[in-house]
Enquirer: 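Take this structure, written in structure tokens, and hold onto it; I'll ask about it next.
Note that the structure is predicted; figures quoted are calculated from it, not measured. Each chain gets a letter, A, B and so on, in the order the sequences are listed, and its residues count up from 1. Keep in mind that the numbers below use all heavy atoms, side chains included, and drop hydrogens, waters and symmetry copies.
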Amino acid sequence: MFRTHTCGVLTKEESGKSVTLSGWVHKHRNFGGLVFLDLRDRYGITQIVCNPENITDFTVVESLKYEHIITVEGTVELRTEGTQNTTLSTGEVEVIATHVSILSNTKPLPFEIFDAKKGEEDEELRLKYRFLELRRKKLRDNILFRAKVETHIRQFMNSRDFIDIATPILTVSSPEGSRDYLVPSRIHPGKFYALPQAPQQYKQLLMVAGFDRYYQIAPCMRDEDPRADRAPGEFYQLDCETSFMTSEEFFTLMEPLWIELTEKVAGKKVQQNPLPRIPFRECMEKYGTDKPDLRFGMEIQEVTSWAKKGSFELFNTTEVVRVLVVPGGADFSRKDIDGKFTQAAKQGNAQGLPWMKVVDGTCESGIAKFFSHEQLQEIIQQVGAEDGSILFFGIGSWEKSATALGTVRSLAGDILELKDPNVVAWAWIVDFPMYEWDEENEKVDFGHNPFSMPKGGLEALNTKDPLDIIADQYDIIANGLELSSGAVRNKDPEIMYKAFEVAGYTKADVDEKFGHMIQAFEFGAPPHCGFAPGIERIIMVLTNEASIRNVVAFPKNQKAEEPMMGSPSEVTEEQLKELHLQIKKEKE
RNA sequence: GGACCGGUAGUUCAAUUGGCUAGAGCACCGCCCUGUCACGGCGGAAGUUGCGGGUUCGAGCCCCGUCCGGUCCGCCA
């Protein structure tokens with residue numbers, strides 16, 4: 001027998017019992033005779049006491065190295081007064097070993113499993129030995145937590161009559177969205193399958209088929225470059241779709257899932273319940289982004305008419321001026337303002353970051369000199385700035401003046417520690433514009449998803465300025481991360497053709513690209529809506545994890561390689577021949 | 001594709017201004033130690049400072065090139 005108990009369960013209740021444990025030697029402390037072992041498995045750690053008086057072949061114990069896998073037989077005993085370890089769940093007891101045997105030994109490790117207080121090893125190395133890194137507590141806890149979340153999601157969805165349906169992995173390349181991963185067809189020379197970027201079209205077809213409520217924790221493959229919150233290659237979504245619901249009814253249906261995951265599974269607090277619904281325009285104006293961190297306020301305000309009273313040229317020549325009041329920001333150093341904060345503003349597409357500080361009831365430094373004393377009093381009044389604040393200004397178009405301050409707001413939230421790690425601020429962002437102006441090509445283009453239903457339907461498309469049309473589309477966000485977009489889908493062929501026409505596509509274009517969808521809708525489609533929140537991002541929000549690679553068991557690196565197995569890899573000539581492929585030789 | 005930051009024993013980090021025979025912790029090897037929990041003590045092995053060139057009496061450090069890695073932009077729900 002390998003074990004009667006795991007390494008995380010023994011308490012004083014079991015004292016006196018004979019037990020067998022198996023696991024990894026996490027630590028060993030050798031006192032030249034008496035040896036302590038910290039035996040580890042995924043459930044926890046139990047201290048083993050090896051005394052030569054109780055063990056016949058003690059050389060085995062003395063030969064143990066870190067991460068050897070062993071089986072221990074022994075007796076559970078209460079630890080004596082003063083030797084308990086309160087940091088372990090099993091710290092009240094220890095196992096007095098009578099027999100120890102090695103199941104597997106190990107080469108010297110490329111890095112230690114034990115969490116020492118030091119820097120992190122190079123990620124390349126950790127990914128190459130991912131099976132070792134996964135033994136570490138932090139990563140193991142993330143993966144175990146992810147499993148708990150996914151289990152809860154499935155229970156929730158099942159209890160609401162959603163049906164789990166698998167959709168094809170080998171599917172067809174679709175022209176919109178991201179770059180596809182392609183799979184060559186052996187049977188059809190020159191033809192390719194594509195791996196799904198998302199089961200978007202299949203799930204809509206399931207609604208046409210009458211399944212009414214569908215979900216799937218679906219793999220999605222996209223050939224794009226990574227970011228800290230975006231996995232290269234592949235990731236998972238809670239893909240779901242419902243029929244016969246308005247978007248508001250859908251919100252009400254799904255909201256308890258976010259509340260339960262936050263409170264019951266992660267043990268954190270929900271900032272606001274029911275979740276706020278924030279219209280896109282209002283969101284941009286207040287927070288300078290469509291995915292604000294709502295754990296703190298600090299809203300942006302518009303001050304154009306005031307700004308134009310002074311003699312600051314950038315204000316007088318711009319369209320809109322907005323201000324972000326950061327309480328306590330007067331303490332920011334010149335170095336940080338010109339460095340970190342200006343850098344943040346530039347990330348928000350600003351040229352620079354005008355500012356002034358509120359000190360002793362008036363404004364000073366920065367651009368204060370361009371305004372009269374009265375004008376400075378006026379702005380303090382208008383925006384309600386208290387002494388010790390700093391005012392950051394955003395200038396430019398309606399959008400640019402806001403986004404410049406959105407990134408600054410987020411940075412200020414970090415620096416002032418306003419983002420409570422034990423709180424999750426969920427929100428629905430609603431009323432996205434159906435179209436936006438494409439500066440580069442000087443034409444109207446889809447703002448987000450072309451398959452969203454425009455609010456007002458055909459009539460809106462026929463009569464309104466395209467840029468004024470609102471799509472019945474929404475995002476679910478949390479703590480500054482966008483988890484998913486979603487929409488009431490455009491399921492009416494006539495409205496679909498018209499919607500594409502507004503963006504400059506002919507009927508023939510639409511038929512060529514999306515003919516199969518339109519054809520399906522022509523046989524009747526129920527009104528339907530849904531979304532597809534990213535699983536990894538949900539876990540990131542619930543664990544405060546900044547890197548998506550820390551919530552994936554076997555992630556790819558920045559170049560979309562998996563260093564442990566060595567993907568992608570070359571294949572044999574034979575395989576290529578079967579697939580009718582030839583590799584073009586790189587130029588020397 | 002572009003910008004920025006980085007690369008020193010297996011690993012995490014040091015190495016004042018360009019002055020070394022490149023150090024320390026952990027891991028590894030050997031010895032000592034019966035109540036530790038980051039155990040402790042003594043000793044040992046371990047390095048082409050990513051690579052190539054240059055400046056210099058002298059380069060881990062300065063310069064040029066190159067490779068590799070990370071973050072961000074582009075791209076992407």
Enquirer: Paired with B/G60: which nucleotide, if any, by Watson-Crick or G-U wobble criteria at under 3.5 Å for both distances?
Expert: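 Its partner is none (no Watson-Crick or G-U wobble pair with both distances under 3.5 Å).
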
Enquirer: Looking at B/C73, I'd like to know if its phosphate oxygens (OP1 or OP2) sit under 4.0 Å from a side-chain N or O belonging to A/R227.
Expert: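 Checking A/R227 against B/C73: at least one side-chain N or O falls below 4.0 Å of OP1 or OP2.
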
Enquirer: Before we go on, tell me: are the rings of A/Y214 and A/Y202 under 6.0 Å apart, centre to centre?
Expert: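 Distance test on ring centres: not under 6.0 Å, no.
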
Enquirer: Would you measure the distance from the P atom in B/U49 across to the matching atom in B/G60 and give it in whole Å?
Expert: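 Approximately 7 Å lies between the P atom of B/U49 and that of B/G60.
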
Enquirer: Quick check for you: among B/G35, B/G70, B/C73, whose closest atom lies nearest to any side-chain atom of A/Q558?
Expert: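 Ranking B/G35, B/G70, B/C73 by closest atom to the A/Q558 side chain puts B/G70 first.
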
Enquirer: Could you please name the option among B/U36, B/A38, B/C76 that lies closest to any side-chain atom of A/S178?
Expert: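 Per side-chain heavy atoms of A/S178, the pick is B/C76.
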
Enquirer: Without decimals, in angstroms, what is the distance between A/I548 CD1 and B/G70 C1'?
Expert: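 Roughly 16 Å, once rounded to whole Å.
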
Enquirer: Would you indicate what A/E67 reaches in the nucleic acid, counting non-hydrogen atoms under 4.0 angstrom: base, sugar-phosphate, or nothing?
Expert: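 Touches nothing.
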
Enquirer: Specify the separation, in whole Å, of atom CD of A/E112 and atom P of B/A9.
Expert: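 So the CD-P distance, A/E112 to B/A9, works out to 16 Å.
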
Enquirer: Would you kindly give the CG-to-P distance between A/N349 and B/A3, to the nearest whole Å?
Expert: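 About 18 Å, once rounded to whole Å.
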
Enquirer: Under 4.0 angstrom, heavy atoms only, what part of the nucleic acid is A/K559 near: base, sugar-phosphate, or nothing?
Expert: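 A/K559: backbone/sugar contact only, no base atoms under 4.0 Å.
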
Enquirer: Select one nucleotide: of B/C72, B/A27, B/G35, the one nearest the side-chain heavy atoms of A/F31.
Expert: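 Nearest to the side-chain atoms of A/F31, counting from C-beta on, is B/G35.
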
Enquirer: Starting the side chain at C-beta, find the nucleotide from B/U34, B/A77, B/G10 nearest to A/E53.
Expert: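 Nearest to the side-chain atoms of A/E53, counting from C-beta on, is B/U34.
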
Enquirer: Take atom NZ of A/K107 and atom P of B/A27, then tell me their distance rounded to the nearest Å.
Expert: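 Between P of B/A27 and NZ of A/K107: 19 Å.
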
Enquirer: Could you state the atom-to-atom distance from NE2 of A/H28 to P of B/C39 in whole Å?
Expert: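 So the two atoms are 9 Å apart, to the nearest Å.
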
Enquirer: Please report the shortest heavy-atom distance between A/M157 and A/C240, naming the atom on each side.
Expert: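 In this case the closest contact between A/M157 and A/C240 is CE-CB, 3.7 Å.
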
Enquirer: Look at the side chain of A/R230 and decide which nucleotide, out of B/C39, B/C76, B/C37, has an atom nearest to it.
Expert: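 For the A/R230 side chain, the nearest candidate turns out to be B/C76.
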
Enquirer: Just how far, in rounded Å, is P of B/G41 from CG of A/N30?
Expert: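 Interatomic distance, CG of A/N30 to P of B/G41: 15 Å.
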
Enquirer: What is the pairing partner of B/G6, taking Watson-Crick or G-U wobble pairs with both distances under 3.5 Å in any strand?
Expert: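 With both distances under 3.5 Å, B/G6 matches B/C68.
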
Enquirer: Let's see if you can work this out: which of B/C29, B/G70, B/C75 has an atom nearest to the side-chain heavy atoms of A/N557?
Expert: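 Given the options B/C29, B/G70, B/C75, the side chain of A/N557 is closest to B/G70.
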
Enquirer: Parallel, tilted or perpendicular for A/F280 and A/F432, by the 30°/60° rule?
Expert: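 The arrangement is tilted - the two ring planes meet at 30° to 60°.
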
Enquirer: Identify the two heavy atoms, one from A/V100 and one from A/V60, that lie closest to each other, and give their separation to 0.1 Å.
Expert: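 Result for this residue pair: O-CG1, 3.6 Å.
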
Enquirer: Check every strand shown and say whether A/E81 touches a base, only sugar-phosphate, or nothing at a heavy-atom separation below 4.0 Å.
Expert: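 It contacts nothing in the nucleic acid.
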
Enquirer: Between B/U12 and B/A38, how far is it from one C1' atom to the other, in whole Å?
Expert: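 Going atom to atom, C1' in each nucleotide, I get 14 Å.
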
Enquirer: Is it the case that B/G74 (base atoms only) and A/E224 (side chain only) share a donor and an acceptor within less than 3.5 Å, ignoring hydrogens and angles?
Expert: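 Answer is no: no donor-acceptor pair is held.
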
Enquirer: Is the base of B/U36 stacked against the aromatic ring of A/F36, taking ring centres under 5.5 Å apart and planes under 30° as the test?
Expert: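 Here A/F36 meets both the 5.5 Å and the 30° conditions.
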
Enquirer: Atom CG of A/D229 and atom P of B/C75: how far apart are they, to the nearest Å?
Expert: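 Rounding to the nearest Å, CG of A/D229 and P of B/C75 are 16 Å apart.
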
Enquirer: So if I take every side-chain heavy atom of A/R222 and compare against B/U34, B/A77, B/C68, which nucleotide ends up nearest?
Expert: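 In terms of side-chain proximity for A/R222, the closest of B/U34, B/A77, B/C68 is B/A77.
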
Enquirer: Among B/A77, B/U36, B/G69, which nucleotide sits nearest the side chain of A/Q473?
Expert: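 Nearest nucleotide to the side chain: B/A77.
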
Enquirer: Grab the OH-C1' distance between A/Y181 and B/C76 for me, whole Å please.
Expert: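 Answer to the nearest Å: 12 Å.
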
Enquirer: So, A/Q200 versus A/Q204: side-chain donor-acceptor pair below 3.5 Å or not?
Expert: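 Note: A/Q200 and A/Q204 side chains meet the donor-acceptor criterion.
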
Enquirer: Closer than 4.0 Å, any side-chain N/O of A/R29 to the OP1 or OP2 of B/C39?
Expert: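 Affirmative; the distance criterion is met.
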
Enquirer: For atom NZ of A/K419, is the number of surrounding heavy atoms from other residues, nucleotides or ligands below 6.0 Å larger than 12?
Expert: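 Yes, enclosed.
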
Enquirer: A/Q84 near the nucleic acid: base, sugar-phosphate alone, or nothing, with a heavy-atom cut-off under 4.0 Å?
Expert: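 If one applies the 4.0 Å heavy-atom cut-off, A/Q84 turns out to touch a base.
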
Enquirer: Would you call A/E545 and A/K138 a salt bridge, taking side-chain N to carboxylate O under 4.0 Å as the test?
Expert: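 A salt bridge is present here (some side-chain N lies under 4.0 Å from a carboxylate O).
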
Enquirer: Considering only the C1' atoms, how many Å lie between B/A45 and B/C31, rounded to the nearest integer?
Expert: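 Roughly 15 Å separates the two C1' atoms.
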
Enquirer: Return no unless some side-chain N or O of A/R549 is found under 4.0 Å from OP1 or OP2 of B/U71.
Expert: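 So the side-chain polar atoms of A/R549 do come within 4.0 Å of the phosphate oxygens OP1 or OP2 of B/U71, strictly under.
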
Enquirer: For atom NZ of A/K128, is the number of surrounding heavy atoms from other residues, nucleotides or ligands below 6.0 Å larger than 12?
Expert: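 Open.
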
Enquirer: Taking only the C1' atom of each, what is the distance from B/G53 to B/C67 in whole angstrom?
Expert: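 14 Å, rounded to whole Å.
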
Enquirer: When the P atoms of B/C75 and B/G18 are compared, how many Å lie between them, rounded to an integer?
Expert: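 It works out to 43 Å between them.
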
Enquirer: Between A/K65 and B/A27, does any side-chain N or O lie under 4.0 Å from OP1 or OP2?
Expert: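 False: A/K65 side-chain N/O out of range (4.0 Å or more) of B/A27 OP1/OP2.
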
Enquirer: Using atom C1' in both nucleotides, what's the gap between B/C20 and B/C61 to the nearest angstrom?
Expert: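 Pairwise C1' distance, B/C20 against B/C61, rounds to 13 Å.
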
Enquirer: Would you say the side chain of A/D225 and the base of B/G74 hold a donor-acceptor pair, judged only by whether the two atoms sit under 3.5 Å apart?
Expert: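 It does, because a donor-acceptor pair links the side chain of A/D225 to the base of B/G74 below 3.5 Å.
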
Enquirer: A/E561 has a side chain; which of B/G69, B/U71, B/G35 sits nearest to it?
Expert: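 Looking only at side-chain atoms, A/E561 lies closest to B/G69.
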
Enquirer: Identify whether any heavy atom of A/N85 sits under 4.0 Å from a base atom; if not, whether one sits that close to sugar-phosphate; answer base, sugar-phosphate or nothing.
Expert: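 Base, at least one base atom sits under 4.0 Å.
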
Enquirer: Does B/A24 have a Watson-Crick or wobble mate here (both distances under 3.5 Å), and if so which one?
Expert: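 By the stated definition (distances under 3.5 Å), B/U12 pairs with B/A24.
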
Enquirer: Can you tell me how far P in B/G30 sits from the matching atom in B/C62, rounded to whole Å?
Expert: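 To the nearest whole Å, 42 Å.
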
Enquirer: Go ahead and name the base partner of B/G1; Watson-Crick or wobble counts if both distances stay under 3.5 Å, otherwise write none.
Expert: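 Pairing partner: B/C73.
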
Enquirer: Is the ring pair A/F446/A/Y505 parallel, tilted or perpendicular, if the boundaries are 30 and 60 degrees?
Expert: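 Rings of A/F446 and A/Y505: parallel, under 30°.
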
Enquirer: So what does A/N51 hit on the nucleic acid, given a heavy-atom distance under 4.0 Å: a base, only sugar-phosphate, or nothing?
Expert: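 The residue A/N51 makes base contact.
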
Enquirer: Which nucleotide in the set B/U11, B/A77, B/C37 lies at the smallest distance from any side-chain heavy atom of A/L125?
Expert: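 Nearest listed nucleotide: B/U11.
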
Enquirer: What interatomic distance, in whole Å, is found between C1' of B/G35 and the corresponding atom of B/C39?
Expert: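 It comes out at 10 Å once rounded to the nearest Å.
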
Enquirer: Tell which nucleotide pairs with B/C42, taking only Watson-Crick or G-U wobble pairs whose two distances are both under 3.5 angstrom.
Expert: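 Result: B/G30.
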
Enquirer: Between A/P108 and A/F111, just flag the one whose closest nucleotide in RNA chain B comes earlier from the 5' side.
Expert: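 By nearest-heavy-atom nucleotide position, the 5'-most residue is A/F111.
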
